[in-house]
Amino acid sequence: MHENRTLDRILSRNNLNEAFRQVERNKGAAGIDGMTIEEAKEYLRQHKEELIQTIRERNYQPKPVRRVELPKPSGGVRLLGIPTVIDRVIQQAIAQVITPIFDEHFHNSSYGFRPNRNAHMAIAQGLRDMNEGYHWIVDIDLEKFFDTVNHDRLMNLVSRKITDGDVISLIRKYLVSGIMVNGEYEKSPVGPPKGGTFRRY
C-alpha cells in the first residue's frame, strides 16, 4: 500500500531524473539562490537523498520566486517569477505524476497547456466543427485569472483527486512560498506563483 502512494511515485529515481532532464531542456535563469542548472546537477548528485528525506518529513521549504519584468509588445510589462532550479525540478516531478490524473477529467475541447495538445490542434478542431454546421467559435481569455485563484478552493479541488496528504502539503507550500522583489519578500496570498510549473495546470 505504502509504495503506491503518490509521493513515492513523485520521489522515485526515474521520475526525479526525468524531471531534471526536462528542467535542463527548458534551460532558464537562476532563482534567488543564484544556482545554475549545472550547479544544481552537482548539488543533486551530492544531496539528493537528503533532499528526498526532507520532503518526506515535510520539512522542505520552497524558496520565494525571483520577480522579473518582461516588456510587452503592446506596452507595459509582464511580471514573471523565476523559481530556483531545485524548486523547478521538484515542481516538474510533481507535475509529471499528477498531470495524467487530472488530464483525463478535462473537457475534450480544452487544448491549453495540456500534454500532446496545442493551438494548431484547437484551430483544426474549430474548422472541423464549422464544417459540421456550427456557426460560432468563442475564444475566452479571463484577464489576470491566475492572479485571483483562491488557494483554499484550489487545494480543495486538488484534494478530490490527490489523497496523499504529503503531496497536498508540498503543493500548498509552493503556492505560499512568496516573491522576492528588489530584495524584499512579498507574500503570495492568492494565485500560483508566476513562472512556476503549477501555473500551467
Side-chain angles (χ1 to χ4, degrees), residues 6 9-10 15-29 31 37 62 64-74 76-129 136-162 164 167-168 170-179 188-201:
T6 307
R9 294 165 56 204
I10 290 169
N15 190 57
L16 286 173
N17 288 343
E18 177 53 34
F20 183 84
R21 285 192 292 269
Q22 184 60 48
V23 169
E24 193 174 32
R25 284 191 292 267
N26 291 342
K27 299 180 182 177
I37 291 175
V65 298
R66 179 170 62 87
R67 166 69 55 79
V68 296
E69 296 181 353
L70 301 177
K72 290 182 179 179
S74 58
V77 294
R78 177 173 173 249
L79 300 177
L80 190 66
I82 310 295
T84 67
V85 176
I86 299 300
D87 281 329
R88 291 207 298 270
V89 171
I90 297 169
Q91 286 186 23
Q92 180 65 34
I94 295 169
Q96 287 170 182
V97 170
I98 71 173
T99 296
I101 296 171
F102 286 96
D103 191 68
E104 65 181 19
H105 299 283
F106 291 164
H107 195 281
N108 194 46
S109 296
S110 171
Y111 287 86
F113 300 104
R114 292 182 64 186
N116 305 312
R117 291 184 173 227
N118 56 46
H120 296 293
M121 296 168 70
I123 293 169
Q125 183 60 54
L127 291 173
R128 285 194 293 272
D129 291 341
W136 293 91
I137 295 176
V138 179
D139 178 22
I140 298 174
D141 184 10
L142 301 176
E143 186 177 1
K144 296 184 178 178
F145 168 75
F146 286 108
D147 296 334
T148 64
V149 171
N150 180 283
H151 289 168
D152 291 334
R153 290 183 182 178
L154 175 61
M155 293 311 302
N156 179 268
L157 292 171
V158 171
S159 64
R160 294 181 190 182
K161 304 294 180 193
I162 307 295
D164 188 331
V167 176
I168 296 298
L170 185 58
I171 293 174
R172 183 175 280 279
K173 284 182 178 181
Y174 275 107
L175 291 176
V176 300
S177 60
I179 307 158
S188 49
V190 293
K194 294 182 176 74
T197 305
F198 297 139
R199 200 169 176 86
R200 296 185 225 152
Y201 300 102

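Worth knowing before you read on, the calculation uses all heavy atoms, side chains too, and leaves out hydrogens, waters and symmetry mates. Since the structure is predicted, the reported quantities are computational estimates derived from the model, not experimental observations.
- Remark: R78 engages no residue in a side chain to side chain donor-acceptor pair (under 3.5 Å) (not counting sequence neighbours).
- In this structure, the side chain of H151 engages the main chain of P189 through a donor-acceptor pair within 3.5 Å.
- Contact of the V97 side chain with the T6 side chain is registered, since non-hydrogen atoms from C-beta on lie closer than 4.5 Å.
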(request) With side-chain contact (heavy atoms from CB on, under 4.5 Å) as the test, would you mind laying out the steps for R88 and N26 before giving the verdict? (result) CA-CA 10 Å; R88 291 207 298 270; N26 291 342; over 6 Å; no
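- Atom NZ in K161 sits 12.5 Å away from atom CD1 in I168 (nearest 0.5 Å).
- Note: F146 CZ to L154 CG = 10.0 Å, rounded to the nearest 0.5 Å.
- Screening I82, L79, V77 for a side chain to side chain contact (heavy atoms under 4.5 Å, CB included) involving V68 leaves a single residue, I82.
- Between the side chains of Q22 and R25, a donor-acceptor pair is found at a separation under 3.5 Å.
- Between E18 and R21, at least one side-chain N (NZ, or NE/NH1/NH2) sits under 4.0 Å from a carboxylate O, which counts as a salt bridge.
- One distance of note links CD1 of I90 with OH of Y174; it measures 3.5 Å at 0.5 Å rounding.
- Atom CZ in R66 sits 9.0 Å away from atom CG in L80 (nearest 0.5 Å).
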(request) Decide side-chain contact (heavy atoms from CB on, under 4.5 Å) for I171 and I162; before the verdict, give the C-alpha distance in whole Å, the side-chain angles of both, and the deciding distance to 0.1 Å. (result) CA-CA 11 Å; I171 293 174; I162 307 295; 5.7 Å; no
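- Checked against side-chain contact (heavy atoms from CB on, under 4.5 Å), R128 has the following partners two or more places apart in sequence or in another chain: A124, Q125.
- A donor-acceptor pair under 3.5 Å links the side-chain atoms of N15 to the main chain of I10, judged by distance alone.
- Looking at S188, its side chain does come within 3.5 Å of a backbone N or O of L175 through a donor-acceptor pair.
- Considering every non-hydrogen atom in both I37 and F20, the closest pair reads O-CZ, 3.8 Å.
- Proximity of a side-chain donor or acceptor of S159 to a complementary backbone N or O of N156 within less than 3.5 Å is detected.
- Note that the CG atom of L157 and the CG atom of N150 stand 10.0 Å from one another [nearest 0.5 Å].
- Open room surrounds NE2 on H120; 12 or fewer heavy atoms of other groups in view lie less than 6.0 Å from it.
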(request) Begin with the C-alpha distance, continue with both residues' side-chain angles, and end with the deciding distance and a verdict on side-chain contact (heavy atoms from CB on, under 4.5 Å) for Q91 and L170. (result) CA-CA 9 Å; Q91 286 186 23; L170 185 58; over 6 Å; no
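- Shortest non-hydrogen contact noted between P100 and A95 is CD-O, 4.3 Å.
- In this structure, R117 CZ and N108 CG are separated by 5.0 Å, a value rounded to the nearest 0.5 Å.
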